[in-house]
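Both counts, for ligands and for their atoms, begin at 1 and track the order of listing.
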Amino acid sequence: MNYHYRGSEWLRHRLSELSRLEGYTRPERLQGSQNQPESILRMDTNENLALPLEFVRAVMYEVVEDVDPRLYPEQQDELRSRIASYLGLSKDNIVIGDGSDQLIDLALVAFGYGHKSITLRPTFTFYRDRCLMHGIEVEEVMLNDNDGFSFSSDAIVKSGADICYICSPNNPTGNQFPRDTMLDVIERFDGLIMVDEAYAEFAGYSLKDLAVKRDNLMIFRTFSKAFGLAGARVGYAIACKEMMDIFNRVIQYPYAVSSISINAAISILKRLEQVKRVIEGVKAEREWLYRELGMLGLKAFRSDANFILFDVDEHEGVYRRLKEEGILVRRIGQIGGYRGCLRVTVGTREMNERFLNALGRACYNLQQ
Ligand code: PMP
């Protein structure tokens with residue numbers, strides 16, 4: 001859209017600069033999903049579809065009873081303490097935010113100006129989008145598709161960049177990078193390192209314990225994935241006390257997260273054992289789905305998250321056919337030598353079976 005503003009030159013210039021950016025493309029939604037929500041499978045945005053809706057709703061009802069929305073939120077510190085005990089850290093190592101998106105963005109606002117940043121490709125596109133929005137130069141290191149999506153720490157360390165963002169497990173490839181590679185980057189990179197661990201609960205390890213000891217490492221986590229609260233918008237960052245003190249006092253807004261959302265996160269943490277059982281179920285289901293994708297003759301990639309990337313070649317056609325059957329997955333497209341990749345969220349066995357059956361039909365029909 002062209003912006004026709006007749007005001008000052010600088011504002012016109014800035015608006016035209018911004019209007020050229022791509023911004024976030026919202027995932028497609030299907031008509032009629034309001035009336036028959038159960039017939040539509042939204043396997044495209046990596047929420048925790050295996051956490052029963054009744055369970056999360058019960059949490060929300062309890063919260064609504066407890067909260068006085070006339071008042072500004074005051075439970076921030078309680079949530080920070082609860083997150084800290086969940087992670088075995090101190091509350092002083094935690095800042096909460098309006099989704100981890102907001103915290104990633106705020107880190108760029110606070111530290112990015114005039115600096116160069118580096119990340120991997122493909123990765124969570126939000127990071128690059130926000131860098132471009134803030135006028136921060138961003139270099140991308142291509143993941144090596146011959147080798148389970150790896151990267152060389154030298155490419156990052158020797159880039160001369162000041163800020164490094166690594167998503168691990170990586171969205172959309174699903175793999176968590178080896179701890180040794182991460183430790184090597186963290187040891188040698190001269191600048192701020194942001195590690196996005198949105199999917200850590202489904203993965204093998206976390207760098208949280210290191211983040212509290214280093215002065216240049218920030219970890220970003222969220223309640224949107226494993227904890228099933230994507231709609232509540234609660235994320236948090238983990239770093240050393242000095243960094244988090246500045247973040248809490250100066251960088252973060254006074255009331256970034258609503259009292260309902262803060263209380264929802266507190267409540268869900270009180271039910272940690274139930275959530276953990278569901279997470280274990282998703283991990284088992286992920287292995288099953290991975291094998292089944294292979295049995296369909298497709299190249300699927302091992303995942304440490306709650307989604308799987310797979311190559312179908314003609315991804316637009318397969319995407320369309322799945323959509324016709326009420327199943328939404330994410331179109332990723334070409335990654336290196338893999339010509340047409342899709343990404344699917346791991347759901348319950350019932351959802352996964354419905355998805356696999358539809359996928360089998362879509363691939364078969366396209367071959368005819
Ligand atoms: N990081 C990654 C890697 C993600 O995939 C997402 C959501 N798609 C987010 C962060 C955003 O998390 P939140 O809902 O906490 O803003």
For ligand 1, what is the set of protein residues having any non-hydrogen atom at a distance below 4.0 Å?
Gly99, Ser100, Asp101, Phe124, Cys167, Asn171, Asp196, Ala198, Tyr199, Thr222, Ser224, Lys225, Arg233
With no hydrogens and no angle check, do the side chains of Glu9 and His13 hold a donor and an acceptor under 3.5 Å apart?
no
Ser206 and Arg221: side-chain donor and acceptor closer than 3.5 Å?
yes
Using 0.5 Å steps for rounding, measure from the CG atom of Leu21 to the CZ atom of Arg130.
9.5 Å
Side chains of Thr222 and Tyr199 only: does a donor on one sit below 3.5 Å from an acceptor on the other?
no
Would Asn170 and Thr173 count as having a side-chain donor-acceptor pair, cut-off 3.5 Å?
yes
What I want to check is whether the side chains of Gln102 and Gln252 have a donor and an acceptor closer together than 3.5 Å.
yes
